[in-house]
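Structure first, then comments.
Numbers here simply count residues along the sequence, with the first being 1. These numbers were taken from a predicted model, which means no experiment stands behind them.
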Amino acid sequence: MCQLLGMSANAPTDICFSWTGLMFRGGQTGPHKDGWGIAFYEGKGLREFRDPNPSATSEIARFISQYPIKSRTVISHIRQANVGDISLENTHPFIRELGGYYWCFAHNGQLKSYQDLPLGRFRPVGETDSEHAFCWLLEDVASGCNDFASLECLGGRLYQNCLELTSRGVFNMLFTNSEYLFAYCSTKLYWITRQAPFGCASLEDGEIRVNFEEHTNPTDKVTMIVTEPLTVDEEWRQMRPGELIAFRDGAVAARWYEEGAVKPAET
């Protein structure tokens, strides 16, 4: 199954340490060798890298692990193909423009009968169930939300549609317009918030250790969302199946679980 990585931060932050751990899983310590992609928001702009080759041996991926691109919102994905050929157009994350925002999406899982989901102005370029689902989700946002910065509208519609997609298979996803980073758990997702006092962490997939205190300010807050924990000496929180969390500036903005319920923000 594919691997997801997301980041929400309250200040521009690089993702070199976490990306290095994920990169190793793309054909070295894991079987996810069918392509990779990563998208960095810079304000409303978007810097994107994708490659249908294994991340563990990709020179582009290696460059990203060593070049500290600063961002407040990041989505990344390494692929183990199940629907669609191994090709650039089938490589996540997928991106579309709507209402003056770049929207970005990545999916872990496999859906049945996804071709039944009606499409409008947004159309898949590739062959994956993931991109079809993204186009369907974005069409619903376009038709149902007058304010694309409204957490209540975005989260409510996403939550109901994620329940529908989960009824068709496994649907773990990351979805953002740069303002909010939404994470939905169908089967398995973990997250961690790093803030002062900062400590040290060691990668699960490589002999690399970092002292975050040396690379942060006391006011920094950074949340990472992953399919599997990337470090061996930190306490990651596991999302519950059927839960949607919206992150903003490194903090939890809202949660949805149980039918239609919006829960207060938690840190």
Side-chain angles (χ1 to χ4, degrees), residues 1-7 14-42 45-67 69 71 73-97 102-112 114-115 117 119 122-138 165 169-176 181 183 188-189 203-206 225-228 230:
M1 194 170 287
C2 304
Q3 296 263 307
L4 299 170
L5 169 62
M7 184 185 80
D14 78 71
I15 200 172
C16 294
F17 175 71
S18 296
W19 166 248
T20 299
L22 188 73
M23 178 184 75
F24 290 149
R25 295 180 180 179
Q28 181 171 315
T29 61
H32 318 89
K33 58 182 176 57
D34 300 326
W36 62 272
I38 188 167
F40 301 85
Y41 280 89
E42 297 178 30
L46 193 65
R47 191 189 301 247
E48 177 198 8
F49 302 86
R50 288 193 291 166
D51 189 349
N53 298 304
S55 58
T57 56
S58 168
E59 289 300 321
I60 305 172
R62 191 177 308 278
F63 164 77
I64 294 168
S65 72
Q66 298 171 353
Y67 184 67
I69 299 172
S71 177
T73 306
V74 177
I75 284 183
S76 182
H77 179 280
I78 55 174
R79 186 177 183 225
Q80 186 176 12
N82 50 47
V83 178
D85 294 336
I86 300 171
S87 61
L88 190 60
E89 63 266 29
N90 288 332
T91 303
H92 306 222
F94 300 109
I95 297 164
R96 297 290 190 279
E97 182 277 333
Y102 286 119
W103 301 73
C104 185
F105 168 91
H107 165 228
N108 166 336
Q110 188 170 356
L111 302 173
K112 300 176 182 178
Y114 65 91
Q115 298 95 335
L117 298 168
L119 300 179
F122 303 103
R123 298 281 172 167
V125 175
E127 310 159 318
T128 65
D129 51 349
S130 304
E131 190 179 15
H132 190 109
F134 175 45
C135 291
W136 178 72
L137 286 171
L138 203 55
L165 291 167
V170 176
F171 188 73
N172 303 295
M173 70 113 194
L174 298 173
F175 182 99
T176 185
L181 175 57
K188 185 168 58 176
L189 278 179
L203 288 179
E204 170 78 32
D205 297 85
I225 308 101
V226 296
T227 302
E228 296 278 0
L230 291 169

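Between Phe134 and Phe105, the ring-plane angle classifies as parallel under the 30° and 60° cut-offs.
Once rounded to the nearest 0.5 Å, the distance linking CG of Asp34 with CD1 of Ile86 reads 3.5 Å. Of the inter-residue distances, the one linking Arg79 atom CZ with Thr128 atom OG1 reads 6.5 Å to the nearest 0.5 angstrom. The distance from atom CD1 of Ile38 to atom CD1 of Ile75, rounded to the nearest 0.5 Å, is 10.5 Å. Here the CG atom belonging to Leu138 is positioned 4.0 Å from the CZ atom belonging to Phe122, to the nearest 0.5 angstrom. Atom NZ of Lys33 is separated from atom CD of Gln80 by 8.0 Å, given to the nearest 0.5 angstrom. Atom CG of Asp129 is separated from atom CG of Leu165 by 10.0 Å, given to the nearest 0.5 angstrom.
Not counting sequence neighbours, the partners of His92 by the ring pair (Phe, Tyr, Trp, His ring centres under 6.0 Å) test are His77, Phe94. For His132, the ring pair (Phe, Tyr, Trp, His ring centres under 6.0 Å) test picks out Tyr114, with sequence neighbours left out.
At least one side-chain heavy atom of Phe40 sits less than 4.5 Å from a side-chain heavy atom of Ile15. Here the side chains of Glu228 and Arg25 are in contact, with some heavy-atom distance below 4.5 Å. Under the 4.5 Å side-chain criterion, counting only non-hydrogen atoms from C-beta, Leu119 is in contact with Pro124.
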Practice prompt. Give the intermediate values and the outcome of side-chain contact (heavy atoms from CB on, under 4.5 Å) for residues Leu181 and Tyr41.
Written response: CA-CA 11 Å; Leu181 175 57; Tyr41 280 89; over 6 Å; no
Fill in: Verdict with reasoning, Val74 to Ile69, per side-chain contact (heavy atoms from CB on, under 4.5 Å)
CA-CA 10 Å; Val74 177; Ile69 299 172; over 6 Å; no
Worksheet entry | Stepwise side-chain contact (heavy atoms from CB on, under 4.5 Å) check, Ile95 with Arg50 | CA-CA 12 Å; Ile95 297 164; Arg50 288 193 291 166; over 6 Å; no
Discussion item. Val226 vs Gln3, test: side-chain contact (heavy atoms from CB on, under 4.5 Å). Steps then yes/no.
Written reply: CA-CA 7 Å; Val226 296; Gln3 296 263 307; over 6 Å; no
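Panel note: side chain Asn108, backbone Cys2; a donor-acceptor pair is recorded below 3.5 Å. Thr227 places a side-chain N or O within 3.5 Å of a backbone atom of Leu4 that can act as its donor or acceptor partner. Formation of a donor-acceptor pair under 3.5 Å by the Asp205 side chain with backbone atoms of Thr29 is not found in this model. With hydrogens and angles disregarded, a donor-acceptor distance shorter than 3.5 Å links the side chain of Asp14 to the backbone of Cys16. Using a distance-only test at 3.5 Å, with no hydrogens or angles considered, no donor-acceptor pair links the side chain of Ser71 to the main chain of Glu42. Of the possible donor and acceptor atoms, none in the side chain of Asn90 sits under 3.5 Å from a partner among the backbone N and O of Gly126.
Heavy atoms from other residues, nucleotides or ligands lying under 6.0 Å from OH of Tyr102 number 12 at most.
Closest approach of Val170 to Leu111, counting heavy atoms only: O-CD2, 3.7 Å. Minimum interatomic distance between Leu46 and Ala39 (heavy atoms only, all atoms of both residues): CD1-CB, 3.9 Å. Of all heavy-atom pairs between Asp85 and Glu127, the closest is N-OE1, 3.0 Å. Residues Leu174 and Ala183 share a closest heavy-atom pair of CD2-CB, 3.7 Å. Nearest heavy atoms, Ile78 versus Ser55: CG2-OG, 3.8 Å. Here the shortest heavy-atom pairing between Ala133 and Phe171 reads CB-CE1, 4.3 Å.
Salt-bridge formation is detected for the pair Glu131/Arg96: a Lys NZ or Arg NE/NH1/NH2 atom is positioned less than 4.0 Å from an Asp or Glu carboxylate oxygen.
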